[in-house]
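Taking it in order: structure first as structure tokens, then the write-up.
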Amino acid sequence: MIPLLSQIKSGGKPLIWMLLMTSLSLKTGAVKVQIHPRSVVKHVNESLELVCTALDCQDEPKYTWRGILDTIIGGKMESGQKSSRRVYNQLTIEDEKTILCKVNCGGHGQATANVKVYSFPSDPVLSRLNHSALMCRVSSLYPVNMFTLEWLRGEKVISNWEDPGNYEKRLQDIRSLYTPSEEDLGKNITCRVTLSLDGVPEDRKVRSVTAQYGPAFLTTSSNTTVKIGERLELKCDADGKSSITWRKLEKSEAIPITTNRVHVIEKATSAHAGVYECEASAELASRRSRVSVTVKGPPNAPFIRLNQTGNPKAGDNVTIICDSDSPLRLSISGASLNQVEKHGSSVSVNLPSIQLRDSGLYHCEARNALGSKRSSVNVTVRAPPMNSTVLVYPSTQVMEAQNITIHCSTVSFPPASITLSREGNEPGSPSPNGIFHLFNITSEDTGTYMVNFTNELGYETLTIEIMVKGPPNAPFIRLSQRGNPKAGDNVTIICDSDSPLRLNISGASLNQVEKHGSSVSVNLPSIQLRDSGLYHCEARNAFGSKRSSVNVTVRAPPMNSTVLVYPSTQVMEAQNITIHCSTVSFPPASITLSREGNEPGSPSPNGIFHLFNITSEDTGTYMVNFTNELGYETLTIEIMVKGQQSILTKTLIPSVSSVSLLTAAALLMRRLIRSKKKDSFGPSLDDALEVL
């Protein structure tokens, strides 16, 4: 046995391998083993189930699956009491081997199964590799040495694939080239691939693809000559299922015209002259034929051009060239150029240092005995701004409140963008027509102005000095501190000017303060709410005056607050009460009304509160709170609600001190005693206000 294994490992002959398989399949020991199927041929990715059974085992058998020489195999083992299954969900090339099932059941036994795998998933693909060769390709084959590839013309084999002898254990592609001959034109060419492997179903052994190789013949009209306006008919015909395409061959491209077999031009023109090509195409090849068409008539329009691309720059050396498709009488004229004429297929004229004045339309005319045709080219010379001018109306020296118009012009191409800017102030203001207006100017408009003319080739800048005579500039008035002052702050109001002038400050209840100079100020050592208001600073000269203002808003907490209750704080049930509240403060105080013990209170934007249809449950102490960011003040009122025989009481007590509270209470008690003697329904509105 050892020499036999040695021969197997060293690549022994197939006969030795068959003897080994036979000996391994014999039962050993006392256990008979059966495996099904024993030989199987499957496509890659197909599933497979091998069943191994111990036939005469009394005990529970133990199964072991291995490859020959104890190699590892794929799949998954599923064992039962009497049999074991080896399940492959998707076979791979690596699963192609001899499978050994060993059984241990008191004795030993084994059986083998031979698994072969192949891959032939798709039909071959036939394509045109170039103008002279066809290629057949079939992909993902295994084992490649079991495949043959044949080329057929109709049913006749005309070429075979040469096996390269590369038998690697992997999926491989086969490519084969075939160079057709004239004999193949119009014939069906087939690429057929055959798998010669026993066990493969017959319907899976052969795959092929067939296509027609071009038309067998192609006929076209002979060269044609027509006159302008005549009917022109071009014919093209081919055999089989060939598709027809007519093209006109221009200088740099072939322009498709029609797919009809007959191309008809009802009225020929000179533009129809030229070379036409008919192409008949089948699946794998095509044939072409050309027809030359001559149209007699006036010459075609000549082609006029510059010797450079794009618009030339001033100073460039430019040549204007005119070409025709045949020798004719050609002439170039245009702009201020004298006509240049020549007989031939080309004429040119040179402009050695082109200028803006040379811009314009240039023409080339071609003439023959039947007429003439003209072509044109527009020559646009580019130049940076030059010879720029700026005119100011009525003058650069004007009085305040007058208007100034500035007219700007230049010579350039492309047209220059024109902007006006004041020195130190960028960017400038553009104008589409070069005209700028300065309306109602003041002394602040005095200064240097720049007019800039710019295009992509360069720029030019001119400056003008504008002098404005008139009243002084407005002075600058400000406070010595930022933000609104608080009551009691020491505040200074300061006024500055840009030059020494007669300055004065006035405003609110302030007496006017005047001074000649560039600054004046006034001090308010303990500013109050009454000092709030608008303060002015006036600057004067011989031409007039200018004034600036600052609004001074003094901030203060709520003070001098009042609360009025209508009709009274003592009312009958079902009546309504309106409470008017006011205070003195800045910023304006928020005013809220709340009942003692009930928080938060209700706010009112205008200090007016309404209590509708009140009941005895509304009797109690109410607090009015006046609050801003600087402080608060609180007043209280007593509202008494009784039935028809009840007496209502009211008190309005500022919360600033306990002494004022006791005094108000004493006055209220005294007034209530008096009112009881006069009227059982309580005091009047006037009596209530007197208590306050």
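Just the heavy atoms: all of them, side chains too, but no hydrogens, waters or symmetry mates, feed the values below.
Inter-residue side-chain proximity for Glu456 and Arg382 is flagged as met; some heavy-atom pair is nearer than 4.5 Å. The side-chain heavy atoms of Leu593 and Ile579, taken from C-beta on, include a pair separated by under 4.5 Å. Using a 4.5 Å cut-off on side-chain heavy atoms (C-beta onward), Leu234 and Thr224 make contact. For the pair Cys581 and Ile591, the minimum side-chain heavy-atom distance is below 4.5 Å. Asn307 places a side-chain heavy atom less than 4.5 Å from the side chain of Ile321. Side-chain contact between Val381 and Phe413 is absent, with no heavy-atom pair separated by less than 4.5 Å. Between Ile466 and Val468, some side-chain heavy-atom pair lies under the 4.5 Å cut-off. Looking only at side-chain heavy atoms (C-beta outward), Tyr535 and Leu479 stay at 4.5 Å or farther from each other.
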* Evaluate the side chain to side chain contact (heavy atoms under 4.5 Å, CB included) criterion for residues Ile493 and Ile477: first the C-alpha distance (whole Å), next the side-chain angles of each, then the deciding distance (0.1 Å), finally the verdict. => CA-CA 7 Å; Ile493 303 173; Ile477 187 169; 3.9 Å; yes
* To do: Kindly determine whether Asn317 and Asn350 satisfy side-chain hydrogen bond (donor to acceptor under 3.5 Å, both in side chains), including the steps that lead there.
  => CA-CA 8 Å; Asn317 188 346; Asn350 181 251; 2.8 Å; yes
* To do: Take Ser532 and Val552 through the side chain to side chain contact (heavy atoms under 4.5 Å, CB included) test and state the conclusion after the steps.
  => CA-CA 5 Å; Ser532 294; Val552 177; 5.6 Å; no
* To do: Kindly indicate, with the supporting measurements, whether the criterion side chain to side chain contact (heavy atoms under 4.5 Å, CB included) is fulfilled by Leu232 and Val293.
  => CA-CA 9 Å; Leu232 174 63; Val293 174; 3.6 Å; yes
* Could you go step by step and tell me if Asn403 and Leu438 meet the side chain to side chain contact (heavy atoms under 4.5 Å, CB included) rule? -> CA-CA 6 Å; Asn403 301 329; Leu438 304 179; over 6 Å; no
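Of all non-hydrogen atoms in Asn628 and Pro558, the two that sit nearest each other are OD1-CD, 3.5 Å. Residues Ile527 and Lys486 approach most closely at CG2-O, 3.5 Å, considering heavy atoms.
The number of heavy atoms from other shown groups lying within 6.0 Å of CZ (Arg482) does not exceed 12.
With no hydrogens or angles considered, a side-chain donor-acceptor pair links Ser388 and Glu460 at under 3.5 Å. Side-chain contact, Ser549 with His536: a donor N or O sits under 3.5 Å from an acceptor N or O. Between the side chains of Glu250 and Ser252, no donor-acceptor pair of N or O atoms lies under 3.5 Å. Side-chain contact annotation: Thr389 with Ser409, donor-acceptor N/O pair under 3.5 Å present.
Under 4.0 Å is where a charged nitrogen must lie from a carboxylate oxygen, and between Lys469 and Glu400 no such pair does. Using a 4.0 Å cut-off between charged side-chain N and carboxylate O, Glu341 and Arg367 make a salt bridge. Under the 4.0 Å criterion applied to side-chain N and carboxylate O atoms, Asp496 and Arg478 are assigned as salt-bridge partners.
Taking the six-membered ring for Trp and thresholds of 30 and 60 degrees, His407 and Tyr393 have ring planes more than 60 degrees apart, a perpendicular arrangement. Between Trp246 and Tyr276, the ring planes are perpendicular. Angles over 60° get that label, and only those under 30° would be called parallel.
Taking OG of Ser590 as the start and CG of Asn625 as the end, the distance is 7.0 Å to the nearest 0.5 Å. The line from CG of Asn606 to CZ of Phe609 is 8.5 Å long, rounded to the nearest 0.5 Å.
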